[in-house]
Amino acid sequence: MDYQFRDIEKRWQKFWAENQTFKVDNSSAKPKYYVLDMFPYPSGAGLHVGHPLGYIASDIFARYKRLKGFNVLHPMGYDSFGLPAEQYAIQTGQHPAITTETNINRYREQLDNLGFSFDWSREVRTSDPEYYKWTQWIFMQLFNSWYNLESDKAESTDELIRRFENSGTKDLKAVCDDDVRTFSAEEWKGLPDSEKQSELLKYRLTYLRESTVNWCPALGTVLANDEVKDGYSERGGYPVEQKKMMQWSMRITAYADRLLQGLDGIDWPDPLKEMQRNWIGKSVGALVKFPLNSGNAIEVFTTRVDTIYGTTFLVLAPEHEYVTGLTTPEQEKEILDYIDQTKKKTELDRMADTKTVSGAFTGSYAKHPITNEPIPIWIADYVLAGYGTGAVMAVPSGDQRDWLFATKFGLPIVAISDGQTNLDKEADPTKEGTYINSGIINGLNYKEATTTLIAKLEELGAGKAKVNYRLRDAIFGRQRYWGEPVPVYFKEGLPYLIDREDLPLVLPEVDKYLPTESGEPPLGRAENWKYKNELEYELSTMPGWAGSSWYWYRYMASQDDRKQDTFAPAEAIAYWKDVDLYIGGSEHATGHLLYSRFWNKFLKDLGHVVEEEPFKKLINQGMIQGRSNFVYRIIDEEGRGTNKFVSNGLKSQYTTSALHVDVNIVMNEILDLEKFKAFRPEFANAEFILENGKYICGVEVEKMSKSKFNVVSPDDIIERFGADTLRMYEMFLGPLEQSKPWNTNGIEGVFKFLRKFWKLFHDDEFNFNVSDEEPSKAEFKALHKIIRKVEEDIERFSFNTSVSSFMICVNELTDLKCNKRKILQELVVVLAPYAPHITEELWSLLGNSAGKLSVAAYPQFNPEYLVENEFSYPVSVNGKTRMNLNISLSLSQAEVEELILANEDLKKYLDGKTTKKIIFVKGKIINLVV
RNA sequence: GCUCGGAUGGUGGAACUGGUAGACACGCAGGACUUAAAAUCCUGUUCGCCCUAAAGCGAGUGCGGGUUCGAUUCCCGCUCCGAGUACCA
């Protein structure tokens with residue numbers, strides 16, 4: 001029979017499901033390998049052809065590793081809490097759980113059609129109470145932990161309380177809020193319980209605090225920094241403003257340094273690591289206090305404490321809390337005007353306008369901490385309230401922004417190093433040279449000066465070394481419905497954890513998915529929803545990233561394991577350890593991938609998991625963009641659309657308007673006219689101006705979306721060509737990491753390849769016909785070339801080149817008319833990860849036991865079949881290739897040279913010149929230098 | 001501005017540590033089979049010049065330089081495209 005892909009694929013998908021072919025055990029004599037995909041949010045639109053790209057790659061890799069003798073964990077699940085289902089619920093009143101369930105079923109069907117080797121018995125859904133029970137449990141662990149800087153890890157708050165009881169805050173080194181109190185053991189013991197609790201909250205790794213947050217009025221919720229892009233919400237694109245609110249936060253800053261350190265040891269793409277480094281934004285410097293007459297001091301952060309003698313003014317952010325107190329009556333109008341002016345600027349204005357220098361003088365002075373000289377205090381919007389201390393010491397000779405400011409306002413610019421040049425034109429931040437005009441550091445170099453100054457400032461009590469991070473603690477509450485309830489209740493205004501036995505705290509039913517009339521989050525609508533029937537629960541839910549920050553551990557728990565009272569049994573974690581290969585998009589660089597590393601480190605500190613980093617190797621698959629097709633409708637003189645359409649190549653002769661046309665009725669830019677008339681019935685009688693008898697469409701790359709008619713569904717492709725073709729074609733498109741527009745042109749090449757492959761096993765009448773004869777040398781060579789090539793390609797994730805190589809191999813075997821079992825059976829195994837259905841079918845036709853292909857042994861590469869004793873050398877003269885010569889590979893350089901110089905054909909290229917030198921690289925090239 | 005990535009035929013792309021640039025596939029052109037179409041198969045296909053053809057000559061991997069016997073690959077300078085990020089003190 002001809003290659004009946006529809007029948008073959010359905011049959012094997014059913015077989016795998018019924019036999020649980022890909023179910024994996026938590027113990028095995030084989031080495032483990034964990035291949036993970038970033039799990040999808042099940043959106044209502046279903047999968048388009050771009051989504052499975054990464055899944056196909058990971059599935060090929062997982063199947064390959066199985067053949068290579070690994071026990072492979074390859075699971076899939078759904079990140080099923082999130083905004084779209086809730087927005088839909090607001091519009092329609094339908095419970096998000098129902099929408100989510102429908103979408104998941106649709107996703108599952110589409111994924112199944114692609115023939116993935118997932119172990120579905122381990123599926124997770126973040127919105128399932130049996131799953132989010134453990135998300136809540138982790139939240140409780142964070143609540144009950146603090147970060148001990150001495151041991152450099154998280155520890156239980158019980159331990160902290162014990163310390164307070166024994167020695168108060170003496171010698172305590174902890175990551176905590178700025179406003180913690182110092183107290184003795186006695187003082188601690190004397191505190192009322194409520195004050196103890198409110199003090200402890202300042203140390204907890206998840207805490208409630210009044211802070212400035214990103215508030216999105218349209219979504220009615222706060223957002224984390226990574227959910228805001230250019231002042232708009234990432235989801236929906238609504239404006240975001242700053243607002244002070246009481247909010248749950250995660251003390252991720254405690255892990256800033258470990259998050260940075262950990263990047264060095266993991267195999268991730270460099271751009272992604274760089275993004276995380278920038279996001280964490282570590283800068284090493286010093287905190288310096290400039291005393292005020294009032295007895296207070298202005299604290300600044302600087303990375304260049306060595307330039308302190310060059311400080312000629314201080315600049316505060318307009319929002320700085322001291323501004324009002326420092327403004328003198330004479331300057332009051334100017335300052336108020338300036339603050340007013342900056343307030344009017346939106347975030348976007350401020351970003352766009354970085355050229356204009358502006359500011360205002362407060363009229364007050366601070367004292368230089370070392371020289372005691374008066375330093376004028378200015379305000380300017382180039383200093384940001386949210387970074388460092390919101391104040392800087394301005395050193396115009398060393399910092400370009402300070403230089404511009406000083407030049408504009410006529411403030412002095414003092415050189416501080418003999419290495420500085422051109423100070424009349426610009427600042428010179430050099431660290432070369434020795435210091436001048438710099439008191440105690442005159443004559444010293446950069447390193448000496450820094451050490452000396454820090455020691456001096458510490459002695460004076462005026463400063464200390466300090467590492468500053470750009471990373472902020474992550475806001476953890478969302479004023480939304482469709483998320484995990486926070487397992488917290490309130491008593492006298494203070495938060496307390498619910499009992500562990502009460503987990504999961506199930507999301508209550510509400511009448512509407514909107515805030516209450518008094519502005520409370522939707523959970524405020526739940527009736528009779530009280531802890532122990534009397535105490536208020538927290539009404540915020542957790543953000544989208546909560547459930548995805550630990551999900552890879554839940555996959556380690558088998559269905560049986562999930563009956564136990566743990567998120568994953570210790571033995572399972574000890575066996576699977578971490579993810580060996582993680583494939584997903586780079587858009588999660590500063591969100592999911594950072595939070596996951598944070599929670600992983602935290603769970604490691606508490607001894608629940610074994611590895612410091614969760615994802616050993618990570619690959620970002622490229623985004624598949626849409627590729628839109630257009631038809632051109634001719635516009636008449638009155639500007640109205642006519643019933644005529646002109647082909648792309650002739651459109652310049654007319655006035656036209658471009659209309660999107662469904663890409664699925666266009667092949668190689670040629671429009672199927674009959675299908676077009678069916679697609680747009682109002683143009684059923686349209687006339688078409690053709691070129692060469694064809695209507696050629698225009699092309700543009702855009703985002704894939706329904707409104708642009710450029711969505712290509714995997715279901716349609718599978719119906720026409722089969723899943724094996726789709727899998728191989730997606731790989732064939734180009735390097736995995738590269739973004740590219742989807743283009744179905746060319747898929748037939750892959751389909752033809754699979755048919756050709758099928759034909760190797762069949763005679764002209766399509767009878768199965770495989771011979772047991774001994775293969776020829778050429779046949780062995782073709783096979784072993786592909787064995788080696790595919791192995792090399794998979795190891796370096798170059799899937800597109802292996803598809804080409806398969807084509808070459810099958811072309812060669814077709815030319816050789818090879819139908820030898822010894823060759824074909826091994827080829828079936830090598831191709832199996834890419835095209836699992838057709839290979840399963842042929843594997844069983846070859847008489848092997850059904851379904852065992854996925855654990856067959858990967859063929860052993862034998863280099864002997866590739867040994868050549870002759871090579872056709874390109875012979876070039878002065879680097880220009882002139883001819884090819886077959887020469888035995890056993891000859892020495894001297895023998896080859898002799899042969900070359902004796903060659904008559906070559907003489908005409910030498911043009912009578914003498915050969916100066918012969919370059920001979922064995923098996924590569926011969927080059928004559930004349 | 002800074003950081004990172006990229007630029008190769010009509011198209012997607014290949015060339016892994018410097019060694020025959022354009023593999024593989026699409027498209028296109030021509031041909032075979034067929035009453036015809038579809039399917040399949042065969043031939044050609046970087047560009048330019050010369051040419052009935054065979055063959056030959058020249059240019060060629062964004063641009064300009066450099067290193068080298070030899071550069072798509074390494075170095076320096078630039079242009080354009082994409083991503084991230086931003087008065088970060």
Side-chain angles (χ1 to χ4, degrees), chain A residues 2 229-230 269-279 281-283 285 300-304 307 315 317 350-351 353-357 380-384 386-395 398-402 404-405 429 468-470 586-587 589-590 620 622-623 667-670 692 699 729 732-735 737-741 743-750 752-753 755-756 759 789 792-793 795-796 798 800-809 811 872-884 916-930:
Chain A
D2 198 355
K229 295 265 182 293
D230 301 328
D270 285 330
L272 205 122
K273 286 192 191 181
E274 203 52 35
M275 274 193 238
Q276 291 213 345
R277 285 195 192 101
N278 291 338
W279 192 259
K282 179 179 183 174
S283 32
V300 304
F301 174 73
T302 177
T303 53
R304 291 295 301 276
T307 64
V315 189
R350 211 164 141 162
M351 279 183 203
D353 181 22
T354 58
K355 294 263 160 59
T356 325
V357 179
D381 65 359
Y382 79 88
V383 177
L384 305 176
Y387 183 76
T389 61
V392 300
M393 58 176 227
V395 182
D399 183 284
Q400 185 59 21
R401 290 158 309 178
D402 297 347
L404 287 169
F405 196 84
N468 199 44
Y469 295 95
R470 202 187 79 107
S586 59
E587 66 272 21
T590 49
N620 291 129
M623 269 251 282
M667 195 69 173
N668 292 314
E669 314 338 331
I670 300 165
N692 304 324
V699 178
Y729 183 61
F732 187 62
L733 273 178
E737 276 137 304
Q738 195 170 302
S739 288
K740 53 224 156 205
N743 188 350
T744 312
N745 299 348
I747 194 167
E748 279 177 79
V750 175
K752 276 190 221 162
F753 154 76
R755 280 188 52 161
K756 230 168 154 177
K759 278 214 69 180
K789 175 73 174 151
E792 285 172 357
D793 284 352
E795 300 284 351
R796 63 192 173 100
S798 175
N800 55 327
T801 49
S802 8
V803 177
S804 310
S805 306
F806 279 123
M807 291 174 174
I808 295 170
C809 177
N811 288 345
S872 173
Y873 282 92
V875 181
S876 49
V877 178
N878 282 345
K880 197 173 287 286
T881 311
R882 293 301 181 180
M883 59 191 296
N884 278 3
K916 280 192 216 138
K917 197 170 157 192
I918 295 177
I919 309 285
F920 171 70
V921 185
K922 196 170 223 169
K924 294 259 161 116
I925 200 165
I926 297 164
N927 187 18
L928 280 75
V929 188
V930 297

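A, B, ... follow the sequence lines: proteins, then strands. Residue 1 opens every chain.
- Comparing the P positions of B:U11 and B:U61 gives a spacing of 16 Å, expressed to the nearest Å.
- Within the model, atoms CE of A:Met667 and CD1 of A:Ile747 stand 7.5 Å from one another, a figure rounded to the nearest 0.5 Å.
- Separation of the C1' atoms belonging to B:A23 and B:U46 is 14 Å when rounded to the nearest angstrom.
- Straight-line distance between the C1' atoms of B:A15 and B:U73: roughly 10 Å, to the nearest whole Å.
- Between the CE atom in A:Met275 and the CG atom in A:Asp270 there is a gap of 11.5 Å [rounded to 0.5 Å].
- Across all strands shown, B:U20 has no partner, as no Watson-Crick or G-U wobble contact with both distances under 3.5 Å is found.
- Separation of the C1' atoms belonging to B:G70 and B:U3 is 35 Å when rounded to the nearest angstrom.
- Nucleotide B:G9 carries a syn base; the chi torsion (O4'-C1'-N9-C4 or O4'-C1'-N1-C2) is within 90° of 0.
- Within the 4.0 angstrom heavy-atom criterion, no nucleotide atom of any strand lies near A:Lys922.
- A:Lys759 contributes atom NZ, which lies 14.0 Å from atom NZ of A:Lys752 (distance to the nearest 0.5 angstrom).
- Residue A:Asn743 contributes atom CG, which lies 17 Å from atom P of B:A25 at whole-angstrom precision.
- Comparing A:Lys789 and A:Pro874 against RNA chain B, the residue whose closest nucleotide sits nearer the 5' end is A:Lys789.
- Using a 4.0 Å heavy-atom cutoff across all strands shown, A:Asp270 reaches no nucleic acid atom at all.
- When heavy atoms are screened at a 4.0 angstrom cut-off, A:Asp399 is found touching no nucleic acid atom at all.
- A sub-4.0 Å separation between OP1 or OP2 of B:G70 and a side-chain N or O of A:Lys924 is absent.
- We find that CZ of A:Phe753 is positioned 15 Å from P of B:U40, with the value rounded to whole Å.
- Pair assignment for B:C63: B:G77, on the basis of Watson-Crick or G-U wobble contacts that are both within less than 3.5 Å.
- One C1' atom belongs to B:A83, the other to B:U67, and the distance between them is 32 Å to the nearest Å.
- Closest to the A:Phe732 side chain, of the nucleotides B:G19, B:G12, B:G13, is B:G12.
- One N or O donor and one acceptor, one from the side chain of A:Asp381 and one from the base of B:C87, sit under 3.5 Å apart.
- Using atom C1' as the reference point in both B:G12 and B:U68, the two lie 33 Å apart (nearest Å).
- Straight-line distance from the CG atom of A:Leu404 to the P atom of B:A89: 16 Å, rounded to whole Å.
- Using a 4.0 Å heavy-atom criterion, one finds that A:Tyr873 contacts no nucleic acid atom at all.
- For B:G70, there is no paired base (Watson-Crick or G-U wobble, both distances below 3.5 Å).
- Contact annotation for A:Glu737: no contact, since no heavy-atom pair falls under 4.0 Å across all strands.
- Figure legend. B:G44 is base-paired to B:C28; pairs are counted as Watson-Crick or G-U wobble with both atom distances under 3.5 Å.
- Closest to the A:Thr801 side chain, of the nucleotides B:A15, B:C87, B:A23, is B:A15.
- Spacing between atom CG of A:Asn278 and atom C1' of B:C2 amounts to 9 Å, rounded to whole angstrom units.
- Pair assignment for B:G56 gives B:C49, based on Watson-Crick or G-U wobble hydrogen-bonding distances that are each under 3.5 Å.
- Rounded to whole Å, the separation between the C1' atoms of B:A53 and B:G44 comes to 14 Å.
- Here the shortest heavy-atom pairing between A:Asn278 and A:Arg470 reads O-NE, 3.3 Å.
- In this structure, B:U3 and B:A83 make a Watson-Crick or G-U wobble pair, each of the two defining distances being under 3.5 angstrom.
- Residue A:Ile919 is in base contact, counting any heavy-atom pair closer than 4.0 Å across all strands shown.
- Across all strands, A:Asp793 comes closer than 4.0 Å to no nucleic acid atom at all (heavy-atom distances).
- Remark: A:Arg470 is in phosphate contact with B:A86, judged by side-chain N or O atoms under 4.0 Å from OP1 or OP2.
- Of the candidate nucleotides B:G13, B:A23, B:A89, B:A23 has the atom nearest to the side chain of A:Ser804.
- Ring geometry for A:Phe806 versus A:Phe753: interplanar angle of 30 to 60°, hence tilted.
- Taking atom CD of residue A:Glu669 and atom P of nucleotide B:G27, one finds them 11 Å apart after rounding to whole Å.
- Both A:Glu274 and A:Asp402 lie near RNA chain B, and the one whose nearest nucleotide falls closer to the 5' end is A:Glu274.
- Taking CZ of A:Arg796 as the reference point, atom OG1 of A:Thr801 lies at 5.0 Å (rounded to 0.5 Å).
- Note: CD1 (A:Ile670) to P (B:G27) measures 9 Å, nearest angstrom.
- Using a 4.0 Å cut-off between a side-chain N of Lys or Arg and a carboxylate O of Asp or Glu, A:Lys789 and A:Glu792 do not qualify as a salt bridge.
- Rounded to the nearest 0.5 Å, atoms CD (A:Gln276) and NZ (A:Lys273) are 10.0 Å apart.
- The interatomic distance linking A:Lys756 (NZ) with B:A25 (C1') rounds to 11 Å, in whole Å.
- Straight-line distance from the CD1 atom of A:Ile747 to the C1' atom of B:G27: 16 Å, rounded to whole Å.
- Within 4.0 Å (heavy atoms only), A:Val929 reaches sugar-phosphate atoms of the nucleic acid but no base atom.
- A sub-4.0 Å separation between OP1 or OP2 of B:G12 and a side-chain N or O of A:Asn745 is absent.
- Residue A:Arg277 places none of its side-chain N or O atoms closer than 4.0 Å to OP1 or OP2 of B:C4.
- Between the base of B:C69 and the side chain of A:Asn927 there is a donor-acceptor pair shorter than 3.5 Å.
- Separation of atoms CD1 (A:Ile926) and OH (A:Tyr873) is listed at 6.0 Å; rounding is to 0.5 Å.
- Comparing atom distances between the A:Met807 side chain and each of B:U85, B:C24, B:C87 picks out B:C24 as nearest.
- Comparing the same atom, C1', in B:G22 and in B:C80 gives a spacing of 23 Å after rounding to whole Å.
- Using Watson-Crick or G-U wobble geometry with both donor-acceptor distances under 3.5 Å, B:A39 finds no partner in any strand shown.
- Put simply, the side chain of A:Asn800 reaches to within 4.5 Å of the side chain of A:Ser798, judged on heavy atoms.
- Contact annotation: A:Gln738 side-chain N/O to B:G13 OP1/OP2 distance is under 4.0 Å.
- Contact between the side-chain N/O atoms of A:Asn811 and the OP1/OP2 oxygens of B:A25 is found at a separation under 4.0 Å.
- In this entry B:A14 has no Watson-Crick or G-U wobble partner, no candidate having both defining distances under 3.5 Å.
- In this structure, A:Pro269 reaches neither bases nor backbone, as no heavy-atom distance under 4.0 Å exists between it and the strands shown.
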